[in-house]
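As the structure lists them, so they are numbered: ligands from 1, and atoms in each ligand from 1.
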Amino acid sequence: MKKKINLQFLIMSVTAIILTLVISTLVSYEVLKDEVMEDLHTYARVLVETGAFSDMDHISYNAKEDGLRVTVIAEDGGVEYDSNANASDMDNHEKRPEIEAAIESGEGSTIRRSSTLERSMFYYAVRLDNGNVLRVAKESDNVLSIMSSTFPLLLGLAVVLFAVGALFSHLLTKSIVAPVEQMANDMDHLESIRVYKELRPFITTIQKQHEDIRKNADMRQEFTANVSHELKTPLTSISGYSELIESGMATDEDVVRFAGEIHQNANRLLTLINDIIRLSELDVSTQEVVYEQLDLYAMAEKCVDMLQVNAENHDVTLQLSGKSAYVNANREMMNELLYNLCDNAIRYNKKGGRVDVSVEETDTEVVLSVKDTGIGISKEHQERIFERFYRVDRSRSKLTGGTGLGLAIVKHIVAQHHANLELESEKDAGTQIRVRFLK
Ligand code: ADP
């Protein structure tokens, strides 16, 4: 890239140099041409006014002294006088452009290539009162000669210009590319790199992406560590109890109890693994999520029915209110959302407590609310309970079969549906979670 930019700058400067040289040569030739013609004009005017050629028999003017050639041509084109040659030897001049123009309009001029390549003949002709045409001519440099005479100087100038251009293009390329190279070398200290304005948005985006990647990596690492830890506990129990049975030291009674422990821990492992798989599925979401119009109230009704026995076991009253309201959502995810919220409201409740589930509809949204009169969550924990594996009371969560992943799954589902999640809770008084679906 650097080479490419550099090369382009060089091509640009070479083109600019060549163009400047050509144009300046042409301009100076134009100036020279104008000057020579102007001179010829003046000579001709003076010659006409002094009447030097009005009497052909007495011509007093010596043209050669002024470096000029003067010719007098009759109206029919016949040459009457020429300062450089014998008039009678010269052919008819009627068809010469400057003569033609002078006969027609009073004056005319032409430039013709001279016998030598580098000189041109400048002609200016003017009609006299007696009908004859007076032509003044002068030999002068042409473009080629101007070019060849100034060539060494111009070449020198071009080389100097080229060197300066190359130096500048090198410096400019370096200053354009340097910050990009610096950025590539050290992604961690982007803010310390001095950059030009146009690069700023680019850096901001890269910085953000870089941070996101790092955050993601950190999160993944933390999650993996947590998963290993969570899996290790039930597996250690299973391994311990089975070892005891294997050693033959356990009584029949013990064996039944140990088998029960093993069974419980194996179940725990299964739920954990299910939740972990579910979360990673939601994370990658490779398959297309199918959305459909779902009656949230009808789904909540089914969920409440399903959890009724569970609620009774916890001595909790579980009730639903509201009426049919449709949301555009994924069926499986809605079932998980309802289940996790209601299940938590039952599990973290008190004996004789209540869980009120409601589905309400306003002009702009459908609101699902799950409210309990349970143990509540104190302020310092409220922000964190949606994090993976975060539990306020680890032993209570485990005792009731919690994995610490339910609300993380809920948060994920809510985000996927572009809905809003609200938590209101007071320790020892109860918790209310609202999910607002925009219509
Ligand atoms: P768990 O499987 O432990 O229930 P969740 O992700 O569902 O995990 O919840 C995280 C933590 O939030 C729980 O361990 C619990 O401490 C707290 N929590 C969740 N729901 C409620 C609730 N309705 N009342 C009180 N605490 C709750």
**OP:** Check the pair Tyr291 / His417 against ring pair (Phe, Tyr, Trp, His ring centres under 6.0 Å), numbers first and verdict last.
**Re:** CA-CA 9 Å; Tyr291 291 94; His417 285 79; 5.4 Å; yes
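- Of the charged side-chain nitrogens involved, at least one lies within less than 4.0 Å of a carboxylate oxygen, so that Arg434 and Glu424 count as a salt-bridged pair.
- Between the side chains of Glu253 and Thr251, no donor-acceptor pair of N or O atoms lies under 3.5 Å.
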**OP:** Give the intermediate values and the outcome of side-chain hydrogen bond (donor to acceptor under 3.5 Å, both in side chains) for residues Ser369 and Gln432.
**Re:** CA-CA 7 Å; Ser369 153; Gln432 179 171 23; 2.8 Å; yes
**OP:** Evaluate the criterion side-chain hydrogen bond (donor to acceptor under 3.5 Å, both in side chains) for residue pair Tyr124 and Glu98; output intermediate values, then yes/no.
**Re:** CA-CA 7 Å; Tyr124 175 70; Glu98 70 280 7; over 6 Å; no
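- With 3.5 Å as the limit, one finds no donor-acceptor pair spanning the side chains of Asn265 and Arg268.
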Mind listing the N or O contacts between ligand 1 and protein, cut-off under 3.5 Å?
| residue | atom | partner | partner atom | Å |
| --- | --- | --- | --- | --- |
| ligand 1 | 2 (O) | Thr403 | N | 2.7 |
| ligand 1 | 2 (O) | Gly404 | N | 2.8 |
| ligand 1 | 3 (O) | Tyr348 | OH | 3.1 |
| ligand 1 | 3 (O) | Ser397 | OG | 2.6 |
| ligand 1 | 3 (O) | Gly404 | N | 3.3 |
| ligand 1 | 4 (O) | Asn344 | OD1 | 3.3 |
| ligand 1 | 4 (O) | Arg347 | NH2 | 2.7 |
| ligand 1 | 4 (O) | Tyr348 | OH | 2.7 |
| ligand 1 | 6 (O) | Gly406 | N | 3.2 |
| ligand 1 | 6 (O) | Leu407 | N | 2.7 |
| ligand 1 | 7 (O) | Asn344 | OD1 | 3.3 |
| ligand 1 | 7 (O) | Asn344 | ND2 | 2.8 |
| ligand 1 | 7 (O) | Leu407 | N | 3.3 |
| ligand 1 | 8 (O) | Gly404 | N | 3.3 |
| ligand 1 | 14 (O) | Tyr348 | OH | 3.1 |
| ligand 1 | 16 (O) | Val392 | N | 3.0 |
| ligand 1 | 20 (N) | Asn344 | ND2 | 3.3 |
| ligand 1 | 23 (N) | Asp372 | OD2 | 3.0 |
| ligand 1 | 24 (N) | Thr431 | OG1 | 3.4 |

